[in-house]
Structures are given as structure tokens and as C-alpha cells.
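Taking it in order: structure first as C-alpha cells, then the write-up.
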Amino acid sequence: MIEVRHLTKKYGKNTAVDDISFTVEPGKIHGFLGPNGAGKSTTMNIITGCLAPTEGEVLIDGHSVLDEPIEAKRAIGYLPEVPPLYGDMTPEEYLRFVAEAKGVRRDRIAEEVADVMDSTGITEMRRRLIRSLSKGYKQRVGIAQAMIGDPDIIILDEPTEGLDPQQRAEIRELITTLGRERTVILSSHVLSEVQELCENIIVISHGKIVADDTVENISRSLMQDITMTLTVMATADEVRQVLSGIEGIKSFDIVSTTGSETSAKIRYGSELDLRETVTFAFSDIRRAVVSMGIEELSLEDIFLKLTSADDKNDGESDTDEGDADAENDEEYDDEDENVTYDPKDYIGGAVAAADDDGEDEDKDEDDGGTGTPFGGK
Amino acid sequence: MTGYVTMAIILAFVGFFVTNMNVRIGSPKFEYSLITAVSFFVFLIIVPFITMRSIAEERHSKTEQLLLSLPISTHRIVLAKYLAMLTFVAIPMLIIGIYPLLLSLFAGTEGVVNLALAYNGWFMLFLLLAVMVAVGMFASSLVENQIIAALIAAAIFFLMFFMSYITSAFPTGALPSLIALVVCAVVLGAVVLALTKNSTAACIVTGGLAVILIVLYYVDASMFWNLFPSMLSSLAIFDVFMNGASYIGVFDIGEIVYYITFAAVFVFLTVESVERRRYS
């Protein structure tokens, strides 16, 4: 179990991590999510003892990382943002070295290295130089290194960053396997990945935790309104008339009218399900519903809501945050003016990378088309 | 690869001096060949190449994070690196150690090789290299770029090499020493400020030392006579080897203690320098 208590890390006047506390229960895969520069890597470096906090403490199974580093570190395997590999060693030599350094018993080393190479799928590469391996294999060697010594907790800092979709899928599979027997904490700014892999997520923004819960709970708590997109073969007036008559609708807009079709956006509380009501209301006046869609709040939207809310609260006291922040503010300004706003631009590289997966491409277009996820606010 | 090349260069240069002086000219003084190798800067240039990567490269390639997250204390990591480099220097030194035995098979123009003197010089050279490796490792722990690490190490070595010239140029009076030491106190304060970012601590260090120095000066100014130059000359590690016991041919415990202490101080400073990164 990891207990993080009131952790603060300052670099000069810059506060990278600002009084964060959380507990990671054993088992499961935990996600650590936040935009670049939010303090994810700093927090992970502190948990693993690579950095000392300015204030606060981290307990690993009851051992303070600062006061009893040897005991605490023994329970952790860590893959930093850049895999710490020696290019002029082969994976086998490297893993032997790590095993010796972690104090694996000499007669167990060969067996353990072979096991770890087997489960990370690098056995056939074991005699090549690490330098000449592909990025995906290097990442595997990095994960193998974290697994050596059979630690209970494995911490992975952006393990799929910079990999191609095929490699990404393979690493995810590996992480899922790891999560069956150990506690895995993984950081990412690739939202779909966290959504897919993790049961719990901690969202961090500007060095503060803005959410710490299961994916479902976070979604539920933030899902206040449901937006329904509707296309009906009717005139705008008819649509207006029908929709005003339905109870539970908070607001609606006529988006467009093309020929005999009218499109509308309807907003209503998440406790209701108005799909049937709306369909029957239009069939009552013999008008056909051509299409109907419910926009579900994706983790990306949650993420944006959380981080932007944080931004607005802190807006005025933002004195010690750097350029990244200024950029964000700019983006939010755009959004306030209701200029078509693509959340993808904001998370930039993150989602560009997520697009590689191809899974959520449709949804992406959708988001782009409908404009602001915060539209009504 | 760098390793084998540097070993080869050490062997080639020492071999050249031994061939020239002991074989061709026929001098039985093996230790003088080693002194000549040092005085021609062979080790001053080679040692930085051995030490430059030791810590700077770990930082540059981010493998430092592996070392820091391992369940091993920093001083063990640094000591292991130091001993590894020492082993590395010991290999060519062991090969060189065979030379006196080979030379002793033949009589030179001025008699046979005195093995005791030869191995005294050889042992002192090894200790000198141990000090240089410690200093080079410390230089490597200061920066991320290995070339800069090598340049810093080489600069320190050359400064130490020419220390006697530098100190002889310094006035021997009491007041110049006082001024120099107060300047040192200010520099020390700046270092404290850079390390701890605590201006109060820096002021206390600088102010305290300056006050103590000035009070001592007024109590007994003669204490300060030639004090600074003699302090500087204690950094002249090369003079100890070249003009000291190995040259005269005496086995001097004081020099051995001096070298070991010097090396230990720099290994300790390296540990602190690596550890400091956690707190940066």
C-alpha cells in the first residue's frame, strides 16, 4: 500500500506538486492522469525515492521512502519516463545487472531473468544490444527491469508514450497481465488508455489532485446533463412545438434545417431517459425521427471539466505557474467566446497519440463538430 | 571501447618512457620513468577520459533514475563506481608492474634496478591515480555533459600540477593571506547559497568565517604569514609524487595517508553531489 501525505515539491519558486495526499490500495491498476507538466512525473519520482519532497512524506507498506529508503524501495519496481537502459548492454546482461543490484539471490538470478524476459516477450532479443532494439522492445526491457526482484508495486511513467499502435496494444496487454498479481500505478496523458486499463484514476492538474475515484464514479458525479442530438422529418416550428411539450427537457436548440429535416440538440438531466418519450411525441404527430444520438461524457470531457474548473477557481492566484498555464488560459478564453473549440487541440499530443488507436476516431469527429463540451456554461 | 583505448594509451606511453630511459639509455631508475610520464601530462590527459562518463553520462541518459530508485544507498553506488574505475586503472598498472622484474634481469649502465625503489614509485603512482580518479569522478558528478566533465577534471589537474608556480607568485605577507581567505569565505557562502537556497545560512557562513579570520588577524597577525600559499600548496598532489618520497626513494607513510585522505574526501564529495540532486 502506498500512502502519500501532504506532498509538496518546489523547484525554486515553482510549485510542481502542491500538498497532495492519496492512498493507493493494493491490487488493481491505478491511473495517474494529467496534462503535461501537471506534476505526474515529479510525484512518481518522489514515490520511488528519486527525488526528495520539499514537504510531506510517502509511506510504502509503512516504510517512509525518505527515512527507510532501502526497505521502501525494495517493494517498488519503477519505469521512469525515459527507460533507464544501458545501450551497450544486451537485455540479458542488463537484467542480470539489475537483479544483482536489487539483491536477488545469486542462484535465483538466471531463473528470474529468464522468467521476466519470457513474460515481457524479449527472450528472442536477449543477445542483441539494447541500443539497436526498437522503441517497443526498449520499453519492454524497461518494464522487465521494473519487474525484476518481484516487487509488489510497479510504477510506470507513461509506458506507452512514443510507441506505434501495435506496440501500444502489446504494452497494454502486458500491463493488464501485471495488474492481475500486483499493484500497478501508471501515468498517462492518453486518456483512452487510462480509461481502458485502470480501475481507479487520480486526476492531477497544476500539481493538485482534482479527482481520485473509480472511473464510473467520476463519470457519474460529473454527468449532470445529457445531450441528445435529434434529426426529425419536420419543420423547425413543429419540432419546437413538440419539444416544448415534453416534461424534463431543460433546454433545446434548433441546430439546422435542411430540406424536410430539422436537427435539434436537447439537454436534460442524467436521471431521465427521454429517448422513448421523444420518439413517441414525434410519432404522435406522424413525424419520423431519422436519427437520435446521446453524447456520453468521455473521460476526455471529464478531464477537461476537472482541469478547467480547477483553472477557473485558481485563476486569480496563479502567480507561480509558468508558460504552460498561460497557454491553457488562452485556450479557455477561446472557449468562452464560443469559438469552435476542439478539446483535442488542448491536450494536443496526447490525443493525437490516442487517435493512433483508431478506436475513438468517430467520437473525435463528433466532438469537433458539435463544438464546445462546455457549450451552455 | 573507450576503456581499451585508454588502457592501450597508458601502456604505450609508459612503455615508451621505460624503453627510452631504462632500456635504450640503460638507467636502472624505473621510478624516474614513471615520474617522467607524469611530468609529460600523460595521466593528466588520460584520467579525465576514464572518469568523465562515470556520473555525467548516467544523468544524461537518465539511467541515474534507475540507480536512485534501487534499494541501494548512494554511497554504495558511488563507491562501487569508484572501485570499478580504480580496477580499470589497476589493469595497466599491473602490466607496468612487470617491467621492473623484466628490467632486473639485465644490468644497466649504472647498475641493476633497485626493486624496492621501483615498486615504491609504482605504488605511489597508483595512489596518485586513485586521487585523480576521485577528483575526476567528482567533476563528472557536477555536470550532465561528459565532455565538460572531462574539461573540468583536466583543468583541476593542470591547476594542481602548476600549483607550486601559482603559490610562488602569491605574496607571502599576512594581509594578502587574510584577504584571500576572506574571499574564500565569500565563495564558500556562495556555494552554500547555491546548494541550500538559504540566504541566511550563506550569510552566517560567510560572516562568521570573515569575523573569525579578522579577529584572529588582530590577535596574532603572524599566524597569517604565508598561510594562504601553504594552504594552496597542500593541493599540489603531483609535486608530492614527483618531488617527494618516490623521487628521493623513501617509503613515506605521511604521503600515503595524504593521498588516501585526498581520495576519500573527493569520493565523499561525489556522494554529496549525487545526493543533492534528489533535493534540487
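The structure displayed is predicted, hence computed values, not measured ones. Below, chain A is the first sequence line, B the second, and so on; all start at residue 1.
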Pick one of side chain, backbone, both or neither for A:L79, based on which atoms fall under 4.5 Å of a heavy atom in chain B.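 It is neither, since no heavy atom gets under 4.5 Å.
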
In this structure, are over 12 heavy atoms from other groups packed under 6.0 Å from [X] atom [atom1]?
{"X": "B:Y258", "atom1": "OH", "result": "yes"}
{"X": "B:F158", "atom1": "CZ", "result": "yes"}
{"X": "B:F157", "atom1": "CZ", "result": "yes"}
{"X": "B:H60", "atom1": "NE2", "result": "no"}

Regarding B:E57 and A:Y86, do their side chains bring together a donor and an acceptor under 3.5 Å, going by distance alone?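 No - no donor-acceptor pair under 3.5 Å links their side chains.
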
With a 4.5 angstrom heavy-atom cut-off, which part of B:L67 approaches chain A: side chain, backbone, both or neither? side chain

Where on B:R277 is there a heavy atom nearer than 4.5 Å to chain A: the side chain, the backbone, both, or neither?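 When you check distances to chain A, only backbone atoms of B:R277 fall under 4.5 Å.
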
Main-chain N/O of B:I72 paired with A:K102 side-chain donor or acceptor, under 3.5 Å: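 No.
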
I need the residue from A:A146, A:P84, A:P80 with the largest number of non-hydrogen atom pairs under 4.5 Å to chain B. A:P84

Please rank A:K73, A:K10, A:E71 by heavy-atom pairs under 4.5 Å with chain B and give me the top one. A:K73

Any non-hydrogen side-chain atom of B:L66 less than 4.5 Å from a side-chain atom of A:Q145?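 Yes; the side chains approach each other to less than 4.5 Å.
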
Distance from [X] atom [atom1] to [Y] atom [atom2], nearest 0.5 Å?
{"X": "B:S69", "Y": "A:L51", "atom1": "OG", "atom2": "CG", "result": "11.5 Å"}
{"X": "A:C50", "Y": "B:K62", "atom1": "SG", "atom2": "NZ", "result": "11.5 Å"}
{"X": "A:L66", "Y": "B:R278", "atom1": "CG", "atom2": "CZ", "result": "8.5 Å"}
{"X": "A:I148", "Y": "B:L70", "atom1": "CD1", "atom2": "CG", "result": "11.0 Å"}

